[in-house]
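Heads up, the thing below is written out as structure tokens.
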Amino acid sequence: MGLTVVEIITKAQFLSDEEYDNAEWIKLINACLDDLTPVAKMLTTKENINLAVVDGGASLSIASDPDLARAYEFRNIFFTPVDGSTRELKRRALADNYSPGWKQTADKLLFQGLGDNSGTIRVDYYKRLTHVANINDIPELPVAYHELIVLYLCAKAQQKEEELDDKNDFYAEYLRGKQNMALERIWQMEPENREMIRNAKVISSLGGQG
């Protein structure tokens, strides 16, 4: 089930021997969730998004969709025209104005080479971790990594009190855990990158022997 916010706070207070009000701890928890978002790789799918195609192209405001607005990284997009079967669209470079597919700007998804018909799209994306708001919330993070939040809180608490030796210990442990999490989540969520993970583990093992 995972740790609740109050359980995380209790552990952090015990390990760091520091006490703050719940609001301050919650701010730190949310800062940790932001820090872990890039490696968490929480895959989400949004389906049946209407796309009006004009002259083979279309655009979609990211901010106009509350779900897509929470996207950290767009992964796959599939297009289903009203009179055809679903096909995956390839991501294209912004300078490519000809190849069928999709591109991303700061605030829009752009589509080109879609043909003559409007349709719907399905978007697979990694979402930003949702912030917690009260002490009974459970962070939106795989349970195996909840202890990382405790370490992050301890490091930040010690930093505030200028107890730098303790802070460095907690933060170093947090960074090691975050790195392991990154490798594990890539292995789980991106099978096409497993060879890269194998190589990284071999290099790490050789480095440890030195």
Side-chain angles (χ1 to χ4, degrees), residues 1-16 18-46 62-63 65-76 104 106 123-161 163-164 166-194 196-201 203-204 207:
M1 182 176 179
L3 297 175
T4 63
V5 167
V6 69
E7 290 171 332
I8 290 170
I9 291 172
T10 300
K11 283 193 169 191
Q13 286 177 331
F14 175 77
L15 292 172
S16 67
E18 301 294 343
E19 292 191 14
Y20 303 106
D21 60 34
N22 288 339
E24 187 69 18
W25 285 119
I26 286 174
K27 285 181 183 178
L28 291 175
I29 291 173
N30 288 332
C32 181
L33 293 174
D34 290 341
D35 189 61
L36 292 176
T37 283
V39 299
K41 298 187 179 298
M42 300 293 283
L43 188 64
T44 305
T45 296
K46 180 71 180 283
I62 296 171
D65 186 301
D67 296 316
L68 298 186
R70 296 291 302 160
Y72 175 77
E73 178 186 349
F74 293 102
R75 295 290 296 169
N76 310 300
Q104 181 183 352
V123 181
D124 300 332
Y125 61 94
Y126 292 142
K127 65 175 294 185
R128 298 180 187 277
L129 296 175
T130 302
H131 284 182
V132 297
N134 62 68
I135 61 173
N136 294 316
D137 288 345
I138 297 176
E140 184 185 44
L141 189 70
V143 173
Y145 308 112
H146 281 193
E147 293 292 341
L148 284 180
I149 304 176
V150 176
L151 292 173
Y152 182 94
L153 265 58
C154 289
K156 292 299 181 180
Q158 299 295 353
Q159 183 180 45
K160 286 188 174 186
E161 300 303 322
E163 297 178 24
L164 297 183
D166 289 340
K167 179 261 183 183
N168 289 338
D169 289 343
F170 284 124
Y171 197 59
E173 191 173 351
Y174 168 77
L175 290 178
R176 285 193 295 270
K178 180 182 175 182
Q179 182 180 34
N180 289 335
M181 175 182 174
L183 296 176
E184 290 166 0
R185 293 299 290 168
I186 291 173
W187 183 272
Q188 292 170 5
M189 304 306 296
E190 300 173 6
E192 69 275 15
N193 290 323
R194 286 186 174 181
M196 178 190 73
I197 301 302
R198 291 190 186 98
N199 293 337
K201 289 181 177 180
I203 293 172
S204 176

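Reckoned from all heavy atoms, side chains included, excluding hydrogens, waters and symmetry mates.
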Could you state the interatomic distance from CH2 (W187) to CZ (R198), rounded to the nearest 0.5 Å?
4.0 Å
Do V5 and N134 touch side chain to side chain, with heavy atoms closer than 4.5 Å?
no
Are more than 12 heavy atoms from other residues, nucleotides or ligands located less than 6.0 Å from atom CD of Q179?
no
Interatomic distance, CE@M181 vs NZ@K41, rounded to 0.5 Å, equals 10.0 Å
With a 4.5 Å limit on heavy-atom distance, are the side chains of D34 and H131 in contact?
yes
Is there a side-chain contact between Y126 and L43 in this structure, where contact means two heavy atoms from C-beta onward sitting under 4.5 Å apart?
yes
Do T45 and D124 get their side chains close enough for a donor-acceptor pair, meaning under 3.5 Å?
yes
Does N136 use its side chain to pair, donor to acceptor, with the backbone of T4 at less than 3.5 Å?
no
Enumerate the residue pairs fulfilling salt bridge (charged side-chain N to carboxylate O under 4.0 Å, His left out) with a member in residues 172-188, sequence neighbours excluded, ordered by first and then second residue.
D35-K178
Does any non-hydrogen side-chain atom of N30 lie less than 4.5 Å from one of V132?
yes
Answer yes or no: is there a side-chain heavy-atom contact under 4.5 Å between L148 and C32?
no
Do Y125 and D67 have side chains that approach each other closer than 4.5 Å (heavy atoms only, starting at C-beta)?
yes
Do side-chain atoms of Q158 reach the backbone of S16 as a donor and acceptor pair under 3.5 angstrom?
yes
Taking salt bridge (charged side-chain N to carboxylate O under 4.0 Å, His left out) as the cut-off, I'd like each qualifying pair that reaches into residues 128-147, sequence neighbours left out, listed once.
K11-E147, K127-E140
Could you check I138 against H146 for side-chain contact (heavy atoms from CB on, under 4.5 Å), going step by step and ending with a plain yes or no?
CA-CA 9 Å; I138 297 176; H146 281 193; 3.7 Å; yes
In chain order, what residues pass the side-chain hydrogen bond (donor to acceptor under 3.5 Å, both in side chains) check against T37, with sequence neighbours excluded?
none
Are more than 12 heavy atoms, taken from residues, nucleotides or ligands other than E73, located less than 6.0 Å from that residue's CD atom?
yes
Approximate separation, where rounding is to 0.5 Å, of I149 CD1 and L33 CG
5.0 Å
